[in-house]
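Reading through the structure tokens given below for one structure.
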Amino acid sequence: MRTTLKRPTPAVDPQRALQREALHELDDGQVVMRHLAGEPQAFGTLVDRYQTRLLNFVNRTIGDRERAEDLVQEVFIRVFRHLHRFDQTKKFSTWIYTIASNLAKNELRNRSRNPLVLFQTIKKNWEADHRPLQFEDTTARPDDLYRKRFLKDAVDQCVHRLPEHHREVFVLRELEGKSYQEIAEITGCNLGTVKSRLNRARNSFAQLIGPILV
């Protein structure tokens with residue numbers, strides 16, 4: 001009779017676990033300083049904090065989740081390489097969103113030069129719902145979940161139809177909750193331009209989503 005050997009479960013290092021927990025209690029600036037001081041787990045803490053948020057932002061901006069995952073990975077590569085240049089008098093969140101925004105803009109510019117790639121991306125979004133539900137309540141009734149899914153899909157579709165410069169400020173303000181000042185820093189625009197674009201984006205969004213929700 002053969003005896004099946006169980007593979008040993010890797011032991012959890014209590015000290016590393018405590019260090020990881022302590023890092024999560026710090027603000028961004030303190031975690032950045034720990035990373036620059038050589039703390040090996042500090043950068044992973046920044047990834048944990050921003051990976052999902054940046055993925056949602058980039059995905060909503062370019063409309064392609066798989067490509068958004070690649071771009072977010074590139075964001076963290078750039079952050080790792082250039083974190084020593086980060087001005088610690090500024091907000092880290094603004095800096096990392098600026099990097100993500102620039103990569104998303106470059107993606108859209110490159111895509112606009114290739115109509116076939118743009119068409120294939122749009123067609124893929126038509127044929128496959130690869131976006132996860134957000135704020136899903138597993139205790140809700142099926143019809144409530146259906147309405148939430150329908151509303152999310154409608155929002156995503158209408159956001160994607162906004163012009164690029166309107167879409168960016170709309171996503172940052174309405175879906176990411178950024179302040180006007182943060183949006184101005186991320187986009188490199190003055191406050192007046194941000195407010196003007198956001199106002200136009202809201203009006204366009206309302207016109208697009210209105211007929212869908214009637």
Side-chain angles (χ1 to χ4, degrees), residues 13 15-112 117 121 130-132 134 156 159-160 164-191 193-194 197-198:
D13 185 339
Q15 185 175 0
R16 287 177 63 86
L18 288 173
Q19 289 174 342
R20 187 181 304 113
E21 184 177 348
L23 284 167
H24 281 281
E25 298 296 324
L26 302 178
D27 62 33
D28 289 345
Q30 292 170 320
V31 176
V32 168
M33 292 179 67
R34 291 290 185 89
H35 169 73
L36 296 177
E39 169 60 58
Q41 298 189 68
F43 192 78
T45 299
L46 295 174
V47 173
D48 291 342
R49 286 184 185 177
Y50 285 96
Q51 188 170 32
T52 300
R53 292 156 61 182
L54 290 177
L55 179 58
N56 289 335
F57 166 58
V58 176
N59 182 35
R60 284 167 171 153
T61 301
I62 69 173
D64 182 340
R65 187 174 180 83
E66 291 183 7
R67 182 58 182 148
E69 291 174 351
D70 294 337
L71 293 178
V72 170
Q73 184 176 17
E74 178 63 24
V75 169
F76 286 114
I77 290 173
R78 295 191 181 193
V79 169
F80 186 84
R81 288 175 177 171
H82 303 294
L83 196 52
H84 62 284
R85 301 179 184 173
F86 169 61
D87 182 355
Q88 296 187 38
T89 64
K90 306 292 185 180
K91 290 185 66 173
F92 176 79
S93 61
T94 301
W95 186 61
I96 196 169
Y97 265 90
T98 301
I99 295 173
S101 175
N102 289 337
L103 287 173
K105 287 177 182 177
N106 289 339
E107 173 70 15
L108 290 172
R109 290 192 193 100
N110 292 338
R111 188 184 298 173
S112 67
V117 173
T121 300
H130 56 269
R131 298 185 181 92
Q134 294 179 323
D156 285 346
V159 167
H160 191 61
E164 177 186 339
H165 54 290
H166 289 171
R167 184 192 317 153
E168 182 180 31
V169 296
F170 185 89
V171 169
L172 286 170
R173 179 64 180 174
E174 304 299 340
L175 303 180
E176 298 292 330
K178 297 298 182 184
S179 69
Y180 291 116
Q181 184 60 48
E182 287 178 307
I183 296 172
E185 293 178 17
I186 290 169
T187 60
C189 300
N190 59 49
L191 283 175
T193 300
V194 167
R197 288 182 178 179
L198 182 58

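These numbers come from the heavy atoms of this one structure, side chains and all, not from hydrogens, waters or symmetry mates.
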Review point. Does the pair Asp156 and Asn59 meet the rule for a side chain to side chain contact (heavy atoms under 4.5 Å, CB included), with working shown?
Key: CA-CA 10 Å; Asp156 285 346; Asn59 182 35; 6.0 Å; no
Exercise for review: Looking only at non-hydrogen atoms, find the nearest pair between His166 and Val169 and report the distance.
Suggested key: O-CG2, 3.2 Å
Practice item. Would you please classify the geometry between the Phe86 ring and the Trp95 ring as parallel, tilted or perpendicular, with 30° and 60° separating the classes? Key: tilted
Exercise for review: Verify side chain to side chain contact (heavy atoms under 4.5 Å, CB included) between Val159 and Val171, making sure each step is shown before the conclusion.
Suggested key: CA-CA 8 Å; Val159 167; Val171 169; 3.7 Å; yes
Exercise for review: Mark yes or no for whether Arg167, through its side chain, and His160, through its backbone, hold a donor-acceptor pair below 3.5 Å.
Suggested key: yes
Review point. What is the minimum heavy-atom distance between Thr89 and Asp87, and which atoms define it?
Key: OG1-OD1, 2.7 Å
Review point. What closest approach, in Å, do Gly29 and Gln88 show between heavy atoms, and which atom pair accounts for it?
Key: O-OE1, 4.3 Å
Exercise for review: Would you check if the side chain of Arg53 reaches a backbone N or O of Glu176 as a donor-acceptor pair within less than 3.5 Å?
Suggested key: no
**Study point:** Straight-line distance of Thr94 OG1 to Ile99 CD1, nearest 0.5 Å
**Key:** 11.5 Å
Review point. Hey, are the side chains of Val58 and Leu103 touching, using non-hydrogen atoms and a 4.5 Å cut-off?
Key: no
**Study point:** Atom pair CG (Leu23) and CD (Gln41), whose distance is rounded to the nearest 0.5 Å
**Key:** 6.5 Å
Review point. Is there side-chain contact between Leu198 and Glu174, with heavy atoms separated by less than 4.5 Å?
Key: yes
Practice item. Determine, stepwise, if the pair Glu39 / Val31 fulfils side chain to side chain contact (heavy atoms under 4.5 Å, CB included). Key: CA-CA 9 Å; Glu39 169 60 58; Val31 176; over 6 Å; no
Revision key, fill the gap. CD1 (Ile186) and OG (Ser93) are apart, to the nearest 0.5 Å, by 7.0 Å
**Study point:** Spatial distance of atom CE (Met33) from atom CG (Leu26) [nearest 0.5 Å]
**Key:** 10.5 Å
Review point. Can you check whether Val194 reaches Leu172 side chain to side chain, under 4.5 Å on heavy atoms?
Key: no
Study note, to complete from the structure: Heavy atoms of Leu71 and Ala104 approach each other most closely as CD1-CA, 4.4 Å
Check your understanding: Does a salt bridge link Lys91 with Glu185, judged by any charged N lying under 4.0 Å from a carboxylate O?
Key -> no
Point to revise | Point-to-point distance, once rounded to the nearest 0.5 Å, from CG of Leu36 to CZ of Phe43 | key: 10.5 Å
Revision key, fill the gap. The residue among Arg49, Arg34, Lys90 that forms salt bridge (Lys or Arg N to Asp or Glu O under 4.0 Å) with Asp28 is Arg49
Check your understanding: Does any non-hydrogen side-chain atom of Tyr50 lie less than 4.5 Å from one of Val75?
Key -> no
**Study point:** Side-chain (Glu168) to main-chain (His165) donor-acceptor, under 3.5 angstrom
**Key:** no
**Study point:** Beyond-backbone contact of Val72 with Phe57, side-chain heavy atoms, under 4.5 angstrom
**Key:** no
Exercise for review: Determine yes or no for a side-chain-to-main-chain donor-acceptor pair under 3.5 angstrom, with Ser101 supplying the side chain and Tyr97 the backbone.
Suggested key: no
Point to revise | Distance (rounded to the nearest 0.5 Å) between Leu46 CG and Gln51 CD | key: 12.0 Å
Review point. Are more than 12 heavy atoms from other residues, nucleotides or ligands located less than 6.0 Å from atom CD of Glu164?
Key: yes
Check your understanding: Would you call Leu83 and Val32 a side-chain contact if the rule is heavy atoms closer than 4.5 Å?
Key -> yes
